[in-house]
Visitor: 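Take this structure, written in structure tokens, and hold onto it; I'll ask about it next.
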Amino acid sequence: YIGFSITAGHPSRQRHFELIEIINVAKFYQKKFIPMFFIEKKYKKIIKIIKKKLPNAYFPELKAKKEFQNPILVTALANKTKFCISINNGIMHMLALSKSKLFIFFDENSRKFQPLSKNVKTYECDKQKTKINDLKTEDILNFVKINYNNQH
């Protein structure tokens, strides 16, 4: 599995990937892994688009019984991933508690929210003079590739 957390905690926050770019990233990895998306049920339109473009995508929160839909489930499932890709959101903190590698894409001035885990690598858009929604598939893939084996 490769984990993805791509939705912002509040709809007014414009700190997310363009959906087509993250779908392309997932398509790249689906040759070897199942893309697992940590997305709440309320994001019906996003889920529908992902399911159409990635028929093998897995949405654990859609399958879990209500009593199991909690932060512990996210952390436990993240332990089953090769790595996870996330934006700065609440799920990212739960993913960081797992043993899995985590690649976080921060928009601006978010370094203070970065988890302290040694398994975390952060892409800081403001230092790259870009925005998350301007990142292309290749930017995301290159960051993961360069940093996957360079974890401290």
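Just so it is clear, the model here is predicted, and its values are computed rather than measured.
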Visitor: Working note: Phe83 + Leu102, criterion side chain to side chain contact (heavy atoms under 4.5 Å, CB included); need CA distance, chi angles, decisive distance, verdict.
Guide: CA-CA 6 Å; Phe83 61 85; Leu102 175 60; over 6 Å; no

Visitor: Distance check, rounded to the nearest 0.5 Å: Met94 atom CE versus Ser5 atom OG?
Guide: 8.0 Å

Visitor: Does Lys101 qualify as a cation-pi partner of Tyr148, given the criterion of NZ or CZ under 6.0 Å from the six-membered ring centre and within 45 degrees of its axis?
Guide: yes

Visitor: Side chain to side chain contact (heavy atoms under 4.5 Å, CB included) between Phe38 and Thr7: does it pass, once the steps are laid out?
Guide: CA-CA 9 Å; Phe38 298 99; Thr7 53; over 6 Å; no

Visitor: State which residues pass ring pair (Phe, Tyr, Trp, His ring centres under 6.0 Å) with Phe37; sequence neighbours excluded, sorted by chain then number.
Guide: Phe4, Phe59

Visitor: Are Ile34 and Leu95 joined in one hydrophobic group, where the rule is that I, L, V, M, F, W and Y side chains link up if heavy atoms are under 4.5 Å apart?
Guide: yes

Visitor: Restricting to non-hydrogen atoms, name the atom on Ile6 and the atom on Ile50 that form the minimum distance, rounded to 0.1 Å.
Guide: CD1-CD1, 4.0 Å

Visitor: Atom CZ in Phe143, atom CZ in Phe103: separation rounded to 0.5 Å?
Guide: 7.0 Å

Visitor: Measure the CZ-CG distance between Phe105 and Asn133 for me, rounded to the nearest 0.5 Å.
Guide: 13.5 Å

Visitor: Is the shortest heavy-atom distance from the side chain of Lys51 to the side chain of Leu62 under 4.5 Å?
Guide: yes

Visitor: Of all heavy-atom pairs between Cys125 and Lys131, which one has the smallest distance, and what is that distance?
Guide: SG-C, 3.9 Å

Visitor: Please report the interatomic distance CE(Met36) to CG(Asn56), rounded to the nearest 0.5 Å.
Guide: 12.0 Å

Visitor: If you look at every heavy atom in Val74 and Glu61, which pair is closest and at what distance?
Guide: CG2-OE2, 4.2 Å

Visitor: Could I get the full list of side-chain contact (heavy atoms from CB on, under 4.5 Å) partners for Asn70, not counting sequence neighbours?
Guide: Ile72, Leu73

Visitor: Quick check: does any side chain N or O of Asp139 sit under 3.5 Å from a backbone N or O of Lys136, one acting as donor and the other as acceptor?
Guide: yes

Visitor: If you look only at distance, which donor and acceptor atoms sit under 3.5 Å apart when one is on a side chain in residues 17-33 and the other is two or more places apart or in another chain?
Guide:
residue	atom	partner	partner atom	Å
Glu21	OE1	Thr137	N	2.8
Glu21	OE1	Thr137	OG1	2.6
Asn24	ND2	Ile20	O	3.3

Visitor: Any link between Ile85 and Ile46 through a network of hydrophobic side chains (Ile, Leu, Val, Met, Phe, Trp, Tyr) touching at under 4.5 Å?
Guide: yes

Visitor: Please determine whether side chain to side chain contact (heavy atoms under 4.5 Å, CB included) holds for the pair Val120 and Thr122, giving the CA-CA distance in whole Å, both sets of side-chain angles, and the decisive distance to 0.1 Å.
Guide: CA-CA 7 Å; Val120 172; Thr122 305; 4.0 Å; yes

Visitor: Can you list every side chain to side chain donor-acceptor pair (under 3.5 Å) pair that touches residues 72-81, not counting sequence neighbours?
Guide: Thr81-Ser100

Visitor: Under 4.5 Å between any side-chain heavy atoms of Met92 and Ile87, yes or no?
Guide: no

Visitor: List the residues meeting side-chain contact (heavy atoms from CB on, under 4.5 Å) with Lys44, not counting sequence neighbours, and say none if there are none.
Guide: none

Visitor: Kindly write out the residues that satisfy side-chain contact (heavy atoms from CB on, under 4.5 Å) with Lys129, not counting sequence neighbours, or none if the list is empty.
Guide: none

Visitor: Using modelled atom types and a 3.5 Å cut-off, is there a donor and acceptor pairing between side-chain atoms of Asn119 and backbone atoms of Ala96?
Guide: no

Visitor: Is the backbone N or O of Phe106 less than 3.5 Å from a side-chain atom of Asn88, with the two atoms forming a donor-acceptor pair by type?
Guide: no

Visitor: Between Cys84 and Ile2, is the side chain to side chain contact (heavy atoms under 4.5 Å, CB included) condition met? List the steps.
Guide: CA-CA 6 Å; Cys84 295; Ile2 302 294; over 6 Å; no

Visitor: Check whether any side-chain heavy atom of Tyr1 lies under 4.5 Å from a side-chain heavy atom of Tyr58, and answer yes or no.
Guide: yes

